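Keep in mind it's a predicted model, so treat the numbers as computed, not measured.
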Amino acid sequence: MLAMTPIRVATCALLALLWIAAPARAQLDPWEYEVYPSRTVGKGMVELESLNSGIAVGHTEGDAGTSAGELPSQDMYRTAIEVTYGLTDKLEAAAYLNLAYPSGHDLQYAGSKYRLRGSLFEQGQLPVDLGWYLELEWNKTEQFDDSELEFEMKPIIEKDIGRLEINPKFEKAIFVGPDKNKGFEFGYEAGVYYNYWRWASPGVEFYGAMGLIDRPDSLGDQQHYVFPVIRGELGGGIEYNFGLGIGLTHGSDQLIPKLNIELERFVGALFS
């Protein structure tokens, strides 16, 4: 019997996700290429993070690839500023400011997000570590996303086998916009990391969006990406994650470099 290495586990999980999609347009969050662990930041901890990505090879028309609005994805640079605060040792809250620099345009406001994330049970208490994630996304600018208000929820599954993290996610437009009466969309985020050096460790991340749960897009129209990444800690509480995303389908953008920079410091608990 073959040993279930982290890479084999991640590959099997990705193939299983692809298998459930039969022949709404699949859309993922292009401002946040990040796979969340089950552990939260901890009570009284503040994190400031900059999430950056660009489309080196994308689509030249709107509403294609990572673009959900009228502006094309090709040569678009996106950045999100995230502030996270630990309300308790197992619950954190965060707010995001999304900005975009479309090709031929100035830097523009693209929306805001607000989320809660929590961990379940103690680390190592179960065969896998579990967490949860709830997010409200407000897209005020239709040129970037015509779904004005969206709700996202996802379970977080983590296994310390080198380490494997999986975030299946469910997203729905609510209350306003053209998609408010449609069902939930299904997507995923997953990562496998090998902790080699503290300052530089390799990994592979997977991101995908399949469309509505009851009516998935055809495989060619879905979005699926593989990101080889290097991540590590540079000292002084500065962490980074650099990767190069490769699109696997026609509906995906083909080349997406990303760089996440995270700053962490203790500021004392506001809620004790």
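Under the 3.5 Å distance criterion, with hydrogens and angles disregarded, no donor-acceptor pair is assigned to the side chains of S252 and Q254. Between N52 and Y77, the side chains place a donor N or O and an acceptor N or O closer than 3.5 Å (distance only, hydrogens not considered). Between the side chains of D253 and H59, at least one donor N or O lies within less than 3.5 Å of an accepting N or O.
A cation-pi arrangement is absent between K258 and Y33 under the rule of less than 6.0 angstrom and at most 45 degrees off the ring axis.
In this structure the side chain of T79 never reaches within 4.5 angstrom of the side chain of L51, judged on heavy atoms. By the 4.5 Å heavy-atom criterion applied to side chains, T84 and R115 are counted as neighbours. Inter-residue side-chain proximity for S67 and F144 is flagged as unmet; no heavy-atom pair is nearer than 4.5 Å. Between Q123 and S38, the closest side-chain pair of non-hydrogen atoms falls below 4.5 Å. The shortest distance between side-chain heavy atoms of E152 and Y133 falls below 4.5 Å.
Under the side chain to side chain donor-acceptor pair (under 3.5 Å) rule, E92 has a single partner from R39, R117, K43, which is R117. In summary, of the residues considered (E137, E189, E150, E185), a salt bridge (charged side-chain N to carboxylate O under 4.0 Å, His left out) with K169 occurs for E189 alone.
Not counting sequence neighbours, the partners of P202 by the side chain to side chain contact (heavy atoms under 4.5 Å, CB included) test are Y194, Y196, I230. Remark: W132 pairs with no residue by the ring-ring contact (aromatic ring centres under 6.0 Å, His included) rule, at least two apart or across chains.
N167 places a side-chain N or O within donor-acceptor distance of the main-chain N or O of Y36, the cut-off being under 3.5 Å. Listed for the W31 side chain is no donor-acceptor partner under 3.5 Å among the backbone atoms of R78.
Rounding to the nearest 0.5 angstrom, the gap separating the CG atom in D75 from the OG1 atom in T60 is 10.5 Å. Taking CD1 of I81 as the reference point, atom CD of E49 lies at 11.5 Å (rounded to 0.5 Å).
The aromatic rings of F227 and Y225 are tilted relative to each other, their planes meeting at an angle between 30° and 60°.
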